[in-house]
Amino acid sequence: MVDRLANSEANTRRISIVENCFGAAGQPLTIPGRVLIGEGVLTKLCRKKPKARQFFLFNDILVYGNIVIQKKKYNKQHIIPLENVTIDSIKDEGELRNGWLIKTPTKSFAVYAATATEKSEWMNHINKCVTDLLSKSGKTPSSEHAAVWVPDSEATVCMRCQKAKFTPVNRRHHCRKCGFVVCGPCSEKRFLLPSQSSKPVRICDFCYDLLSTGDMAACQPARSDSYSQSLKSPLNDVSDDDDDDDSSD
């Protein structure tokens, strides 16, 4: 079915429309063999709060961006190669329902659909695209993925020292290895994580000690699917603000 659609005029037209919605700032999306599988609005759990984002699933990439004008204009385009993607379902907790994790070596995050059916359809289509890609390339699924950042709202004190309280002066930071919210003194070190950056990135002291001794696996967070305290307001943010989890801290 995908192969049959690849060279169709309808598919080319749909992809052209997506390109135009992102404008000159977006990357070209039309290449031979690429098919637009589906699209829709998902709630992405960003650093400060959940935000609505427009997602486009192609047979080889996942694209998302901020909604400026629904179905007409998007910005802050992000492109994720599907061959690096793994997904995991998230348990329903409170108002956060129908979610799953999208995990890649460079970035991982949680998204939520409006209904259980929509969640199932998204996950099934993503898994099929990934399986087909890996089957054609002969590659194995990615075993490494970036940590999912714990939302700011889940931590009133540093998750490492358990002492430092966060204030407008004592700011929150995120360890790039475990995703924990930590204070400045607990995250003064930098370490090179090639899958995430070409430069050394901020990590907490705990992960730094483990990485320095070669114990990579122990740096993973104790839990990555509990966001029960992060939703404090309705999911109606459709601004064109930057993703909070892309900030330098």
Side-chain angles (χ1 to χ4, degrees), residues 2 6 11 14-15 17-19 21-23 25-47 50-68 74-90 98-113 118-137 139-149 151 174 176-177 179 193-198 201 224-225 227 240-247:
V2 170
N11 178 64
R14 290 176 68 203
I15 295 178
I17 291 172
V18 176
E19 285 183 334
C21 286
F22 278 104
Q27 294 294 315
L29 299 173
T30 303
I31 65 170
R34 176 168 289 165
V35 175
L36 178 57
I37 305 297
E39 62 183 88
V41 176
L42 298 173
T43 298
K44 179 177 180 289
L45 193 59
C46 298
R47 175 178 176 177
K51 295 183 177 182
R53 295 288 182 254
Q54 183 74 27
F55 280 77
F56 300 92
L57 177 63
F58 296 83
N59 59 330
D60 62 334
I61 57 173
L62 182 66
V63 177
Y64 70 92
N66 295 14
I67 302 169
V68 181
Y74 311 111
N75 64 10
K76 308 297 182 184
Q77 184 190 70
H78 298 261
I79 300 177
I80 302 174
L82 282 179
E83 65 179 10
N84 297 327
V85 169
T86 57
I87 59 176
D88 289 327
S89 181
I90 301 174
N98 310 314
W100 67 97
L101 298 178
I102 296 175
K103 303 187 295 185
T104 80
T106 57
K107 184 176 183 178
S108 301
F109 53 91
V111 293
Y112 295 84
E118 187 179 339
K119 170 187 174 177
S120 177
E121 290 176 349
W122 270 101
M123 292 189 71
N124 288 339
H125 284 305
I126 292 174
N127 274 327
K128 186 178 188 311
C129 288
V130 172
T131 300
D132 289 347
L133 273 177
L134 294 176
S135 176
K136 290 179 180 179
S137 67
K139 296 180 180 179
T140 56
S142 176
S143 59
E144 180 186 3
H145 62 82
V148 179
W149 283 21
H174 277 84
R176 298 307 194 271
K177 183 59 182 174
L193 300 177
S195 63
Q196 295 190 39
S197 175
S198 59
V201 294
S224 62
D225 62 349
Y227 302 100
D240 60 349
D241 295 337
D242 289 341
D243 276 352
D244 295 314
D245 53 354
D246 290 333
S247 67

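When reading the values below, keep in mind they use all heavy atoms of this one structure, side chains included, and skip hydrogens, waters and symmetry mates.
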Straight-line distance of H125 NE2 to N59 CG, nearest 0.5 Å: 13.0 Å
Stepwise side chain to side chain contact (heavy atoms under 4.5 Å, CB included) test for L82 and L57: CA-CA 9 Å; L82 282 179; L57 177 63; 3.8 Å; yes
Beyond-backbone contact of P141 with V130, side-chain heavy atoms, under 4.5 angstrom: no
Test applied, side-chain hydrogen bond (donor to acceptor under 3.5 Å, both in side chains); reference residue, N66; option that passes from Q54, R53, K76: R53
Least distance between heavy atoms, S89 atom then K119 atom: OG-NZ, 2.6 Å
Parallel, tilted or perpendicular: rings of W149 and H174 (30°, 60°): parallel
Check: S135 side chain, T131 main-chain N or O, donor-acceptor pair, under 3.5 Å: no
Whether H78 and Y64 hold their rings parallel, tilted or perpendicular, with breakpoints at 30° and 60°: parallel
Side-chain donor or acceptor of R176 paired with backbone N/O of L193 under 3.5 Å: no
From CZ (F58) to OG1 (T30), nearest 0.5 Å: 8.0 Å
Verdict with supporting geometry, I31 and D60, side chain to side chain contact (heavy atoms under 4.5 Å, CB included): CA-CA 11 Å; I31 65 170; D60 62 334; 4.0 Å; yes
Smallest separation among heavy atoms of T43 and P50, with atom names: CG2-CB, 3.5 Å
Rounded distance (nearest 0.5 Å) linking atom CG of L62 with atom CH2 of W122: 6.5 Å
No-hydrogen, no-angle side-chain donor-acceptor test under 3.5 Å, E144 and S195: yes
Nearest atoms (heavy-atom pairs only) where P151 meets C46: CB-O, 4.4 Å
Test: K136 and D132 ion pair at under 4.0 Å: no
Spatial distance of atom OG1 (T140) from atom CD (E83) [nearest 0.5 Å]: 10.5 Å
Close side-chain approach of L29 to L36, heavy-atom, < 4.5 Å: no
Point-to-point distance, once rounded to the nearest 0.5 Å, from CH2 of W100 to CG of N127: 11.0 Å
Spacing of D88 atom CG and S108 atom OG [to the nearest 0.5 Å]: 9.5 Å
For T106, all residues meeting side chain to side chain contact (heavy atoms under 4.5 Å, CB included), sequence neighbours excluded: T104
Check against side chain to side chain contact (heavy atoms under 4.5 Å, CB included), V63 and V18: CA-CA 10 Å; V63 177; V18 176; 5.6 Å; no
Under 3.5 Å: donor-acceptor pair, side chain of Q196, backbone of V201: no
Nearest atoms (heavy-atom pairs only) where M123 meets I87: O-CD1, 3.6 Å
Evaluation steps, side chain to side chain contact (heavy atoms under 4.5 Å, CB included), between N98 and E118: CA-CA 8 Å; N98 310 314; E118 187 179 339; over 6 Å; no
Donor-acceptor under 3.5 Å (N75 side chain, G23 main chain): no
